[in-house]
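Numbering of ligands and ligand atoms starts at 1, following listing order. Predicted model only: the values in this text are computed from it and were never measured.
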Amino acid sequence: MSDTLVLAATTGAVRTLTLNRPQALNSFTAEMHRQLRAQLEAAADDPAVRCVLITGAGRAFCAGQDLAEISSGAVVGNVVERLYKPLALRIRSMPVPVVAAVNGVAAGAGANFALGCDIVIAARSASFIQAFSKIGLVPDCGGTWLLPRLVGRAGALALAMTGDKLPADDAQRMGLIWQVVDDAALADAAGALAARLAALPTRALAQTRLAIDAAVGLGYEEALSMEAQVQRDMAQARDYTEGVEAFLGKRAPTFTDR
Ligand code: T3D
């Protein structure tokens with residue numbers, strides 16, 4: 001029987017997935033990819049799950065690809081196409097919001113995996129490293145797309161070329177991540193954020209992600225048309241009726257769409 005490399009726990013409507021190879025700083029093996037994908041599918045298919053929270057066991061979030069596994073024979077290009085690309089796309093297509101709670105170092109594909117989540121909250125001692133250049137690679141797991149959009153071309157190139165360790169506070173100042181909290185407060189702060197998102201109309205939140213990502217490639221007028229189309233769809237959903245009725249009735253809404 002294989003080890004449990006991704007722990008899953010549910011609190012209310014929040015499914016927490018914990019990368020669990022602390023002895024190798026939660027670096028990705030093919031088996032950890034497989035288990036993470038299975039857990040993401042299970043969360044996507046479970047109507048009771050309204051937010052996914054991803055974190056790491058031990059002192060790291062994720063150190064990217066397990067370099068020992070690669071040197072033992074896996075083919076680099078294949079791994080990126082076969083494992084990292086579907087992972088990044090799965091995160092982007094989750095029907096509920098995805099929060100990354102970065103508890104320690106996030107390096108290489110581990111950094112970009114975190115940055116591809118919807119909201120990134122980090123412990124103050126955490127850091128982000130585009131470690132690729134140090135081993136003769138280029139950013140992957142969405143890094144080439146994400147970094148310039150998050151911090152602009154200048155910041156993206158500097159981070160990717162130097163591979164310097166970026167402390168969480170600097171990452172937040174640059175707009176790479178959303179929030180930094182004291183280490184001891186991370187689990188509670190991330191849990192509270194995830195619970196808050198879970199109580200919101202999660203279908204509209206997932207559509208918000210899609211619309212914002214789509215708008216990046218559109219002109220202003222096209223973006224306005226796309227918004228009108230998405231809004232038409234959202235207005236057909238129960239959550240919209242519930243939100244408006246709750247507002248007018250001066251009561252708290254109960255959102256159920258997904
Ligand atoms: O197929 C492909 O390769 C393409 C896909 C690429 C995607 C990528 O992610 S490429 C980038 C891969 N990641 C890295 O290059 C990061 C390598 N790790 C580090 O640079 C450092 O470990 C950290 C800066 C992340 C942390 O440094 P530090 O000093 O806090 O910890 P450490 O002592 O280096 O690591 C602790 C242990 O974890 C150590 O094992 P040991 O000696 O205690 O048995 C170390 O070997 C292991 N570890 C850390 N990162 C990895 C790893 N083992 C395998 N793969 C790793 N990526």
Q) Heavy-atom contact under 4.0 Å between E69 and ligand 1? A) no

Under 4.0 Å between heavy atoms, the region of F28 that gets near ligand 1 turns out to be neither

Any N or O on A68 sitting closer than 3.5 Å to an N or O of ligand 1?
no

Ligand 1 atoms nearer than 4.0 angstrom to some heavy atom of G64 are 9 (O)

Exam field: side chain R90 to backbone R37, donor-acceptor pair closer than 3.5 Å: no

The answer for which part of R59 has a heavy atom under 4.0 Å from ligand 1 is side chain

Quiz prompt | Side-chain (R149) to main-chain (W145) donor-acceptor, under 3.5 angstrom | solution = yes

Looking at R82, Q65, K134, R21, the heavy atom closest to atom 56 (C) of ligand 1 belongs to Q65

Check: Between N20 and Q35, is a side-chain hydrogen bond (donor to acceptor under 3.5 Å, both in side chains) present by the stated rule, with each step listed?
Finding: CA-CA 11 Å; N20 187 37; Q35 293 187 24; over 6 Å; no

Could you tell me how the ring of F28 sits relative to the ring of H33: parallel (under 30°), tilted (30 to 60°) or perpendicular (over 60°)? parallel

Checking heavy-atom distances from atom 5 (C) of ligand 1 to each of L137, V79, D140, N26, the winner is D140

Atoms of ligand 1 under 4.0 Å from any heavy atom of Q23, numbered from 1 in the order shown, are 37 (C), 38 (O)

#### Entry: Short N-O contact, R21 and D66, less than 4.0 angstrom
yes

Taking only non-hydrogen atoms of A109 and a 4.0 Å limit, the atoms of ligand 1 in range are 7 (C), 8 (C), 9 (O)

Counting heavy atoms under 4.0 Å, the part of S27 that contacts ligand 1 is side chain

- prompt: Can you find an N/O atom of Y84 closer than 3.5 Å to an N/O atom of ligand 1?
  reply: no

Notebook entry, point to check: Out of curiosity, does V120 fall in the hydrophobic cluster containing L193 (side-chain heavy atoms, cut-off under 4.5 Å, transitive links)?
Noted result: no

All N/O donor-acceptor pairs, side-chain side in residues 133-142, below 3.5 Å, sequence neighbours left out:
from	atom 1	to	atom 2	distance (Å)
S133	OG	A160	O	3.3
S133	OG	M161	O	3.1
K134	NZ	G163	O	3.0

Taking only non-hydrogen atoms of I129 and a 4.0 Å limit, the atoms of ligand 1 in range are 24 (C)

Restricting to heavy atoms, the pick from P22, G163, A63 nearest atom 50 (N) of ligand 1 would be A63

The atoms of ligand 1 lying under 4.0 Å from a heavy atom of V80, numbered in the order shown, are 4 (C), 5 (C)

When I121, V52, D118 are each screened for side chain to side chain contact (heavy atoms under 4.5 Å, CB included) with V99, the one that passes is I121

Closest to atom 11 (C) of ligand 1 by heavy-atom distance, out of N78, V138, I135, is I135

Less than 3.5 Å apart, which donor and acceptor atoms pair up between the side chains of residues 234-241 and the rest of the protein, not counting sequence neighbours?
from	atom 1	to	atom 2	distance (Å)
Q236	NE2	R232	O	3.4
R238	NE	D257	OD1	3.2
R238	NH2	D257	OD1	3.0
D239	OD1	T256	N	2.9
D239	OD1	D257	N	3.1
D239	OD2	D257	N	3.4

